[in-house]
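Reviewing the structure listed below.
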Number of protein chains: 2
Amino acid sequence: MARMTRGTRRAGSALDPVPASGVSADDGGLEAAPSAPSADGPEPDLPPLQRIQSLPSWLIGRVAARGRGLVAEALAEQGVKMMHHAVLAAVAELGPIAQADLGRRLAIDPKDLVGILNDLQADGLTVREPDPRDRRKNAVTVTPAGRDLVERCAAAAETANAQLLAPLAPAEARRLMALLARLHEA
Amino acid sequence: MARMTRGTRRAGSALDPVPASGVSADDGGLEAAPSAPSADGPEPDLPPLQRIQSLPSWLIGRVAARGRGLVAEALAEQGVKMMHHAVLAAVAELGPIAQADLGRRLAIDPKDLVGILNDLQADGLTVREPDPRDRRKNAVTVTPAGRDLVERCAAAAETANAQLLAPLAPAEARRLMALLARLHEA
DNA sequence: CGTCTACCGTTGGAACTCCCAACGAATTGC
DNA sequence: GCAATTCGTTGGGAGTTCCAACGGTAGACG
């Protein structure tokens, strides 16, 4: 609650030496901290660059964010949001499918899936009809319009993904995907 | 507006063949969609499994989500949120640093950084003092308590990351990191 | 000198994701 | 028949990410 900002106003020290470019491979030597990172024992070793932010989780997170942005941007040109495209594509691929199965496949919260399917249905891209075998379930199906749209969106998404993997040779991209798949199935 | 649910109630078809297990490597052959994905020309090739959701962006996103969860869980035991740890570690590493530079380094929105630094400062982990050279800037510094905490948090984060990369041999993990680093520097 | 532009920290708000709890309807097991 | 479970849906809330705007400050230029 009592969250104060701007407390003690004392004199400080130099602050500029951070160039903040995006390369992150080479910084000028600028560890001029007045505190004592070089006089306390318990630091075993510190890598040349960022100590914590070069962790796998951070790196993967950054790359994932960039990929998400690229795909979202590409899909925005088609007027489709990312999750809407994912659901639409999944419905187009897996014939008629129940909402719960859809949510489990795509790791989408059932609550959010309701809204997404409402939007897709309002746009005439998917149809919900009750499953005669299990009247609790909704059989979700694509309409021809939905199938057309998912085609264009898939092309846009693949372009964005190619852009994401552009720095890698095809063989390297395959290796990356294989390693990530192993982590995903864990 | 006018978002209808539960419209036309007609008879459907089979709906059960989705096992929804997590393996994703082998599905039983179940492409029994009554519509025509096999009669239209413009599809060049469709991979054996999920067509869209095996895209790099999706796979990376899923792995990133798992990594984020693991790190967040490990850090929660120390009572620290992920971004708080990231900021604290960055401040500890890069001497006194301005908030804007911090935000650019970690790709954090300035708004969110304000809240994070307020929390860290309220807990006595960091200090903001105005930079005498540029009175617009805040020089953020770690306190000894912050330096102690970041040490424990770094250990927890590294454990979580090891858990994330557990399915990979050390050489494979290094290769994955190298590939991701190339994508990140793009 | 004054003005203009750009940056700094800060605030407010929107959009999206995720989690938990509940309900009526319907299915399954006993 | 009856209990337990599942399904779709609604509701609320926490958390994250991003955008637009503001007053205060610094630097560039005339």
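Just so we're on the same page: letters track the sequence lines, and every chain starts at 1. Not measured: the values here are computed from a predicted model.
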Under a 4.5 Å cut-off applied to non-hydrogen side-chain atoms, are A:P110 and A:Q99 in contact? no

Please give, in whole Å, the distance from D:dG8 P to A:I97 CD1? 10 Å

Protein-nucleotide distance (A:N138, atom CG; C:dA25, atom C1'), rounded to Å: 12 Å

Could you go through nucleotides 12-22 of chain C and list every protein N or O atom that sits under 3.5 Å from one of its N or O atoms, giving the distance for each pair?
unit_1	atom_1	unit_2	atom_2	d
C:dG12	N7	B:K111	NZ	2.6
C:dC16	OP1	A:K81	NZ	2.9

Rounded to the nearest 0.5 Å, what's the gap from OG1 on B:T141 to CD1 on B:I97? Could you check? 10.5 Å

With a 4.0 Å limit, can you tell me whether B:N118 has a side-chain N or O closer than that to the phosphate oxygens OP1/OP2 of C:dG9? no

In chain order, what residues pass the side chain to side chain donor-acceptor pair (under 3.5 Å) check against A:D134, with sequence neighbours excluded? A:R136

Roughly how far, to the nearest 0.5 Å, is the NE2 atom of B:H84 from the CG atom of B:L117? 9.0 Å

Between atom CH2 of B:W58 and atom CZ of A:R68, what is the distance when rounded to the nearest 0.5 Å? 11.5 Å

Per atom distances to the B:R128 side chain, the nearest of C:dG9, C:dT10, D:dT9 is C:dT10

Residue pair A:A64 / B:G61: nearest heavy atoms and the distance that separates them: CB-CA, 4.0 Å

About how many Å separate CG of A:L183 and CD of B:E172, when rounded to the nearest 0.5 Å? 9.5 Å

Check the distance between C:dA25's P and A:Q99's CD and give it to me in whole angstrom. 18 Å

Could you state the atom-to-atom distance from CG of B:L113 to C1' of D:dT17 in whole Å? 14 Å

Taking N or O atoms only and anything under 3.5 Å, show me the protein contacts with nucleotides 26-28 of chain D, one pair per line.
unit_1	atom_1	unit_2	atom_2	d
D:dA26	OP1	B:R135	N	3.2
D:dA26	O4'	B:R136	NE	3.4

Mark yes or no for whether B:N161, through its side chain, and B:A157, through its backbone, hold a donor-acceptor pair below 3.5 Å. yes

